[in-house]
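All residue numbers refer to positions in the sequence shown, counting from 1. For ligands, and for the atoms within them, numbers begin at 1 and follow the listed sequence. Below, all heavy atoms of this structure are taken into account, side chains as well, without hydrogens, waters or symmetry copies.
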Amino acid sequence: MSEIFRASTTAPVNIAVIKYWGKRDAKLNLPTNSSLSVTLSQNDLRTHTTASCSSSYPAEDSLLLNGKLQDVSGARTQACFRELRALRKEVEAKDSNAPKLADLPLKVVSENNFPTAAGLASSAAGFAALVRAIANLYELPADPTELSRIARQGSGSACRSLFGGYVGWEQGSAADGSDSKAFEVAPASHWSNMRAVILVVSAAKKDVSSTSGMQTTVATSSLFASRASETVPRRMKEMQDAIKNKDFETFGKVTMMDSNSFHATCLDTYPPIFYLNDVSRAAIKMVEQINNTAGKIIAAYTFDAGPNAVIYYLEENEKHVAGVFKTLLADKDGWSGERGAAIEGNYEAA
Ligand code: PMV
C-alpha cells in the first residue's frame with residue numbers, strides 16, 4: 001500500500017469594508033484598487049480543508065467541495081496548484097531525504113459551514129484554506145504574506161483570509177503581481193470587541209459572478225475611474241487610521257459609504273448589476289434608524305456581490321444592534337424562515 005500524505009486546516013471568511021472591484025489583470029487577479037477587510041473568527045463562517053497526495057490516487061488532481069466534485073481544470077485552481085508544486089520542488093531539491101510529493105496527484109476535500117457563492121465570500125475562505133492546506137502538506141514555510149500571493153490567484157479576496165483581524169490587500173504595481181499581497185493592519189486582539197451580524201437574505205447562488213461583474217464595470221462604468229483612483233485610496237488611509245484609533249464612528253461611516261460606492265458602480269455598469277434587493281434596502285434603513293436613535297454611528301452595514309447584509313457593531317452595543325435586528329425582523333416577511341436567517345459573527349481575539 002502506498003503512503004498517503006495528508007494535512008488539514010481551516011480558513012475563515014473575510015468581509016471587506018473597502019471593496020475590491022475591478023481587475024487590471026484578469027489572469028493574475030491583479031486589482032484596480034487596494035482593499036481592506038475584517039476576518040471573521042474561526043468559530044463562525046469558515047472552510048475546513050484537507051489536502052492529501054499519494055501515488056495510489058488516480059492521476060488527475062481532484063477537489064471535493066461540500067461533497068461535490070469540482071472542476072479543477074480552471075486557470076485559477078491550476079495557478080495555485082502550479083505555484084505550490086514549484087515551491088515543494090525547491091524543498092525537494094534542497095533536501096534529498098524529503099519525500100517526492102510535488103509530482104503526486106492531489107486530493108483536496110473542503111467543507112463550508114455556510115452557503116456557497118451567495119455573496120458570503122465563500123471563494124475567499126475556500127482558496128485560502130486550499131492554499132494553506134497544500135502548503136502544510138508540502139511543509140512549505142507558512143508565511144501568510146507569501147501564501148496570500150498564491151491564494152490571490154485563486155480568488156482575489158482570498159489573499160485577505162490568510163491573516164486574522166484587520167487585513168489590507170495592497171494592489172501593487174508590478175506586472176507579474178509579485179507586490180500584490182495581503183498585509184496585517186492590526187491583529188484581532190487590537191480591537192477585539194468588534195462584532196458582526198450577518199443577515200442571510202438569500203442563500204441562492206448570485207446571478208452575476210464577481211469576475212464577470214468586475215469586467216463589465218471596468219469596461220462600462222464612468223463612476224468606476226474616480227472610485228479606483230481617488231475615492232478608494234483616500235478611504236484606505238481613513239480606514240487604517242480608524243482601526244488604529246479604534247474609532248468606530250469613522251470605521252462605520254467609511255464602511256457604509258464604500259459599500260454604497262461599490263453598489264453605485266454596479267448600478268452604473270451597463271447592463272446594470274443589481275446585487276441589493278428590497279430586503280437589503282430595508283436593512284440599510286434599519287441601520288440608519290438604529291444610528292439615529294443612538295445619536296451616533298453604532299452600526300455599519302456592508303454588502304458584497306449579493307443581497308446579504310453584514311452589520312458591524314461593538315460588543316457593548318449588542319442589544320441596540322443585533323438585538324434590534326433579531327426582534328424586529330424575526331416576525332417580518334422576508335426575514336424569517338428560509339429567506340432571513342441571522343448568523344452572528346463574533347470577532348473574538350484569535
Ligand atoms: O474575490 P472575488 O473575485 O470573489 O471578489 C470579491 C469581491 C467583493 O466581495 C465584492 C469585494 C471584496 O473585496 O471582497
Side-chain angles (χ1 to χ4, degrees), residues 11-40 45 47 74-77 79-80 112 114-131 148-163 166-171 177 180-183 185 196 198 205-218 221 224 227-228 231-232 235-236 239 254-256 258-267 269 273-276 280 301-310 312:
V13 159
N14 73 75
I15 304 288
V17 289
I18 305 283
K19 306 291 187 194
Y20 149 52
W21 197 253
K23 296 177 202 268
R24 63 176 203 276
D25 182 323
K27 197 164 157 260
L28 290 171
N29 269 345
L30 300 180
T32 47
N33 62 260
S34 296
S35 55
L36 203 150
S37 58
V38 185
T39 298
L40 287 178
L45 312 184
T47 303
R76 308 276 179 75
T77 314
C80 294
N112 289 340
F114 56 89
T116 300
L120 278 183
S122 56
S123 63
F127 274 106
L130 176 139
V131 167
S148 82
R149 196 186 53 73
I150 301 176
R152 187 205 76 230
Q153 296 173 58
S155 170
S157 55
C159 72
R160 298 185 311 240
S161 271
L162 283 153
F163 286 89
Y166 303 85
V167 188
W169 170 14
E170 179 58 49
Q171 66 183 93
S180 188
K181 302 185 272 208
F183 63 96
V185 172
I198 300 178
K205 228 172 146 84
K206 56 196 170 199
D207 46 56
V208 180
S209 77
S210 47
T211 296
S212 90
M214 283 182 204
Q215 271 156 344
T216 326
T217 300
V218 174
S221 165
F224 166 76
R227 169 171 167 78
T231 316
V232 170
R235 287 188 182 146
M236 278 297 288
M239 187 56 91
V254 176
T255 295
M256 293 187 280
D258 197 71
S259 174
N260 296 345
S261 154
F262 153 49
H263 289 280
T265 63
C266 288
L267 190 60
T269 299
I273 306 168
F274 307 107
Y275 286 127
L276 306 185
S280 319
Y301 57 78
T302 187
F303 299 82
D304 276 347
N308 301 320
V310 176
Y312 286 108

Can you find an N/O atom of K23 closer than 3.5 Å to an N/O atom of ligand 1?
no

I need the atoms of ligand 1 closer than 4.0 Å to a non-hydrogen atom of A16, numbered in the order shown.
12 (C), 13 (O), 14 (O)

Closer than 3.5 angstrom, by distance alone: can the side chain of R235 be matched with the main-chain N or O of I18 as a donor-acceptor pair?
no

Using a strict 4.0 Å cut-off to heavy atoms of S123, name the atoms of ligand 1 that fall inside it.
4 (O)

Counterpart residues, side chain to side chain donor-acceptor pair (under 3.5 Å), relative to S261 (two or more places apart):
R227

Answer yes or no for A124: is there a heavy-atom contact with ligand 1 below 4.0 Å?
no

By number and element, which atoms of ligand 1 are closer than 4.0 Å to a non-hydrogen atom of A305?
10 (C)

Examine distances only and state if a side-chain atom of R152 and a backbone atom of G177 form a donor-acceptor pair shorter than 3.5 Å.
yes

N or O pair under 3.5 Å between S157 and ligand 1
yes

Can you find an N or O of T211 that's nearer than 3.5 Å to an N or O of ligand 1?
no

Please name the residue in the list F262, F224, F303 that meets the ring pair (Phe, Tyr, Trp, His ring centres under 6.0 Å) test with W21.
F262

Give yes or no for whether the N/O distance cutoff of 3.5 Å, strictly under, is met between N14 and ligand 1.
no

Applying side chain to side chain donor-acceptor pair (under 3.5 Å), can you list everything that pairs with T302, at least two apart in sequence or on another chain?
K19

Please answer whether the main-chain N or O of I198 pairs with a side-chain N or O of N308 as donor and acceptor at a distance below 3.5 Å.
no

If the plane angle is over 60° it's perpendicular, under 30° parallel, otherwise tilted; pick one for Y20 and W169.
perpendicular

Mind checking whether F262 has a heavy atom under 4.0 Å from ligand 1?
yes

Could an N or O of ligand 1 be found under 3.5 Å from any N or O of Y20, whether backbone or side chain?
yes

